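Proteins come first, then strands; the chains are lettered A, B, ... in the order of their sequence lines, and each starts at number 1. Reckoned from all heavy atoms, side chains included, excluding hydrogens, waters and symmetry mates. Note that the structure is a prediction, hence the values are computed from the model and not measured.
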There are 2 protein chains.
Amino acid sequence: MHRPRTATIRDVAALAGVSVGTASKALNGRGSLRADTIARVRQAADQLDFHPNPAARSLHAGRTYTVGMITTDTIGRFSIPLLIGAEDTLGAGQMSVLLCDARDDPIREQQHLRTLLGRRVDGIIVTGRRAGTRPPLAATAGVPVVYAFLASSSPDDCSVVPDETGAARLAVDHLLTVGRRRIAVVTGPAHHHSARVRSAATIERLAEHGLEPVTPPLHGEWSESWGRQGVGLLLGRRAAFDAVVCGSDQIARGAADTLREAGRRVPQDVALTGFDNWDVIALASRPPLTSIDMDLEGLGRAAAELLLRAIEGDPSPGVHPHPAKLVIRDSTVQA
Amino acid sequence: MHRPRTATIRDVAALAGVSVGTASKALNGRGSLRADTIARVRQAADQLDFHPNPAARSLHAGRTYTVGMITTDTIGRFSIPLLIGAEDTLGAGQMSVLLCDARDDPIREQQHLRTLLGRRVDGIIVTGRRAGTRPPLAATAGVPVVYAFLASSSPDDCSVVPDETGAARLAVDHLLTVGRRRIAVVTGPAHHHSARVRSAATIERLAEHGLEPVTPPLHGEWSESWGRQGVGLLLGRRAAFDAVVCGSDQIARGAADTLREAGRRVPQDVALTGFDNWDVIALASRPPLTSIDMDLEGLGRAAAELLLRAIEGDPSPGVHPHPAKLVIRDSTVQA
DNA sequence: ATGAAAGCGCTAACAG
DNA sequence: CTGTTAGCGCTTTCAT
């Protein structure tokens with residue numbers, strides 16, 4: 001095999017006129033060496049553009065300074081900010097990230113897991129769009145795992161999830177602040193965890209203020225089309241409402257379109273809140289949407305920090321909710 | 001350091017009652033061994049769930065079976081399918097992918113490059129949204145590099161890019177097929193490479209059919225808002241047009257909204273083509289958009305294949321265009 | 001303060 | 001056919 005001749009510590013030692021052991025110590029600040037020896041070695045290393053071979057280092061240290069990131073469903077809109085956030089703090093911790101896309105296929109997931117363990121990663125982050133919980137990864141041979149966005153069903157595992165109840169409260173409180181009292185809910189499929197959690201939290205928060213929604217929550221797809229239909233239903237029922245809490249930005253955008261076409265002004269007649277703060281949708285909407293931002297990038301960072309800590313031997317089992325924030329735009333407050 | 005006691009080849013050899021050398025040969029199919037010896041070793045390996053330590057293997061082979069993927073702008077809508085495609089074929093080639101997000105920052109890019117080279121990756125894929133060309137990566141110490149989506153400005157490098165001219169032709173030919181002759185172009189910023197290439201190719205193709213656009217191409221943002229404005233301009237000028245080639249799905253969707261609100265039927269009165277086939281936009285549009293799909297996932301796969309080949313010592317310098325395809329929906333053909 | 005040598009886990013020559 | 005041995009590049013005792 002034609003090995004690209006990179007400088008080795010031998011070369012550095014030779015150039016500096018010391019033994020490899022001394023060179024190693026000089027470069028790693030171990031042992032006690034004369035200052036000028038250290039300087040000489042450093043200079044030699046610079047001159048040769050020496051970078052220690054990570055394979056050799058790993059072989060000795062038993063660590064790879066690498067973590068695996070495995071997205072159970074295909075990498076998508078939700079995983080990306082998570083990836084970015086995690087990659088960011090892991091990189092700061094000198095860790096590199098191996099990316100695995102399981103495409104919603106348990107077999108692929110299993111293969112990727114084997115690959116990662118085979119590569120002796122120091123830790124694993126599991127993400128995915130699927131709401132709620134998922135079964136924990138099969139045997140990970142003592143390698144620390146953190147679940148991000150979705151939670152492991154085992155409470156012994158460490159999971160970081162968006163605080164969806166807190167998020168729903170943010171939306172309700174904001175609508176109350178801008179004077180709305182007759183609030184409707186149009187959200188995603190009834191069987192969908194996020195849809196249920198969000199609408200339950202919304203209702204609960206309303207109740208705390210002595211209110212209830214003008215109709216039971218309307219469930220449908222996570223689509224603009226359903227947003228249009230849902231609001232169409234509300235209009236058809238001649239329900240009196242001055243705000244709609246929507247389960248996603250897409251639903252909210254559909255709602256905005258239908259309201260406008262029906263001659264209702266947003267936000268003067270009806271205020272709208274979205275969810276996800278997905279810029280493409282929220283900003284293109286007429287008017288732009290007030291929306292809940294789950295801070296997925298921050299969530300990814302949080303997950304990475306917990307993983308780093310776990311790798312250092314300090315695990316944090318349990319489910320850790322990550323706070324959301326409200327981004328206010330014209331769909332609730334007149335420009 | 002507390003090393004997780006994974007089985008080593010020594011353990012396997014001991015259990016099988018052979019020497020490590022023999023065990024190695026048995027597991028790698030080298031040399032010539034008795035069938036039952038091989039079987040015994042295999043069984044021992046299975047029993048101990050033995051996986052060769054990749055650090056040791058790398059140390060010996062001088063390869064890491066790892067490639068770096070570095071996205072120059074932040075990971076986004078365009079990079080993801082590329083990532084997925086590349087990860088897919090690299091994984092099939094036993095390669096893992098180290099992900100680096102440079103966030104449009106040359107300094108971060110440089111750091112990531114150093115990290116990747118420091119980790120001795122076998123190859124690098126560079127992607128990014130920025131259109132057109134980019135300066136080649138600084139010294140890569142002989143590590144093969146493939147540029148995907150954007151091209152390196154050096155012709156000695158290997159780049160895989162979408163065939164945007166071919167793509168524009170697909171759109172024009174389709175519009176002609178459905179009987180349109182008075183075609184307008186509304187696209188992105190004039191300084192943007194894709195916008196220029198796409199509209200130039202559109203005009204050229206029209207010319208080959210003895211036609212020209214009803215007005216010079218209209219340039220603006222890559223946004224729905226500009227799509228609405230652009231079509232507003234066309235309507236205001238009382239230009240007679242029966243089709244609009246839009247530079248992106250967002251522009252096309254904006255165009256569709258304005259046309260509908262102006263009482264023009266899509267596609268009966270005006271046909272629309274989008275670009276990117278971004279489902280969230282193209283499907284939510286009323287009507288759903290006929291759009292050009294650059295097959296980014298396939299492009300990522302192609303890039304990965306070229307990289308694998310380059311790693312094997314068979315580089316393919318030059319710019320390799322990757323064909324696009326047309327996805328026909330209701331904005332050009334009545335449902 | 002420095003050097004010599006062992007060993008991390010594996011593969012590939014070379015002996016037998 | 002199988003075993004022994006010498007590295008791959010680095011860190012770390014242990015001598016000196």
Side-chain angles (χ1 to χ4, degrees), chain A residues 1-42 44-45 48-66 94 117-120 122 141, chain B residues 1-42 44-45 48-66 94 117-120 122 141:
Chain A
M1 168 109 332
H2 238 9
R3 206 185 318 275
R5 263 304 285 167
T6 321
T8 77
I9 199 170
R10 268 181 136 81
D11 305 325
V12 175
L15 180 57
V18 297
S19 74
V20 287
T22 305
S24 173
K25 286 168 205 153
L27 293 172
N28 297 300
R30 301 290 159 79
S32 46
L33 302 185
R34 255 187 6 234
D36 71 289
T37 310
I38 297 186
R40 211 147 23 94
V41 172
R42 287 246 174 85
L48 297 173
D49 191 32
F50 168 76
H51 292 280
N53 183 320
R57 191 202 283 278
S58 290
L59 188 52
H60 182 86
R63 287 191 52 175
T64 54
Y65 298 91
T66 302
Q94 306 292 339
L117 294 175
R119 291 204 170 234
R120 309 288 201 274
D122 296 339
Chain B
M1 167 112 326
H2 236 9
R3 206 184 316 276
R5 263 303 285 167
T6 321
T8 77
I9 200 170
R10 269 181 137 82
D11 305 325
V12 175
L15 180 57
V18 297
S19 73
V20 286
T22 304
S24 173
K25 284 168 207 153
L27 294 172
N28 297 300
R30 300 291 158 79
S32 47
L33 301 186
R34 255 187 7 231
D36 72 289
T37 310
I38 298 186
R40 209 144 27 93
V41 173
R42 287 245 175 84
L48 298 172
D49 192 30
F50 168 76
H51 292 279
N53 182 320
R57 189 202 284 279
S58 290
L59 189 53
H60 181 86
R63 289 191 51 175
T64 54
Y65 299 91
T66 301
Q94 306 293 339
L117 294 175
R119 291 203 171 235
R120 310 285 200 277
D122 296 340

*Asks:* For the pair made of CZ in R10(A) and P in dA4(C), what is the distance, rounded to whole Å?
*Replies:* 12 Å
*Asks:* Measure from the side-chain heavy atoms of R34(A) and tell me the nearest of dA1(C), dC1(D), dT11(C).
*Replies:* dA1(C)
*Asks:* Mind calculating the distance between CZ (R63(B)) and P (dT11(C)) to the nearest angstrom?
*Replies:* 14 Å
*Asks:* Quick one: is T8(B) getting a side-chain N or O under 4.0 Å of the dC8(C) phosphate, OP1 or OP2?
*Replies:* no
*Asks:* Nearest 0.5 Å, what's the OG-CZ distance between S58(A) and R119(B)?
*Replies:* 7.5 Å
*Asks:* Are any of the side-chain heavy atoms of R40(B) and V18(B) separated by less than 4.5 Å?
*Replies:* yes
*Asks:* Which of the following nucleotides, dA12(C), dG3(D), dT2(D), is nearest to the side chain of R30(B)?
*Replies:* dA12(C)
*Asks:* Among the nucleotides dG3(C), dG3(D), dT2(D), which one has an atom lying closest to any side-chain atom of V18(B)?
*Replies:* dG3(D)
*Asks:* Whole angstroms only, please: what is the NZ-P distance between K25(A) and dA1(C)?
*Replies:* 11 Å
*Asks:* In Å, rounded to the nearest 0.5 Å, how long is the span from CD1 of I9(A) to CG of N53(A)?
*Replies:* 11.0 Å
*Asks:* OP1 or OP2 of dC8(C) sitting under 4.0 Å from any side-chain N/O of N53(B)?
*Replies:* no
*Asks:* Can you check the H60(B) NE2 to dG9(C) P distance for me, whole Å?
*Replies:* 17 Å
*Asks:* Whole angstrom is fine here: how far is it from NE2 in H51(B) over to C1' in dC10(C)?
*Replies:* 16 Å
*Asks:* Rounding to an integer number of Å, can you tell me how far I38(B) CD1 sits from dT2(D) C1'?
*Replies:* 12 Å
*Asks:* Within less than 4.0 Å of OP1 or OP2 of dT2(C), is there a side-chain N or O belonging to T37(A)?
*Replies:* yes
*Asks:* In whole Å, what is the span from the CG atom of L33(B) to the C1' atom of dA12(C)?
*Replies:* 13 Å
*Asks:* dA1(C), OP1 or OP2 - any side-chain N/O from S32(A) closer than 4.0 Å?
*Replies:* yes
*Asks:* By the definition side-chain contact (heavy atoms from CB on, under 4.5 Å), identify the one residue from L27(A), T6(A), L15(A) that meets it with F50(A).
*Replies:* L27(A)
*Asks:* Please compare A56(B) and G17(B) by the position of their nearest nucleotide in DNA chain D and report the one closer to 5'.
*Replies:* G17(B)
*Asks:* Judged by each residue's nearest nucleotide on DNA chain C, which is more toward the 5′ side, T22(B) or A55(B)?
*Replies:* A55(B)
*Asks:* Please classify the nucleic acid contact of I9(B) as base, sugar-phosphate, or nothing, using heavy-atom distances under 4.0 Å.
*Replies:* sugar-phosphate
*Asks:* To the nearest Å, how far apart are L59(B) CG and dT11(D) P?
*Replies:* 12 Å
*Asks:* Search all heavy atoms of A13(A) against all heavy atoms of A23(A) and return the closest pair with its distance.
*Replies:* CB-CB, 3.9 Å
*Asks:* Would you indicate which nucleotide in dG9(D), dA5(C), dG3(D) comes nearest to any side-chain atom of S19(B)?
*Replies:* dG3(D)
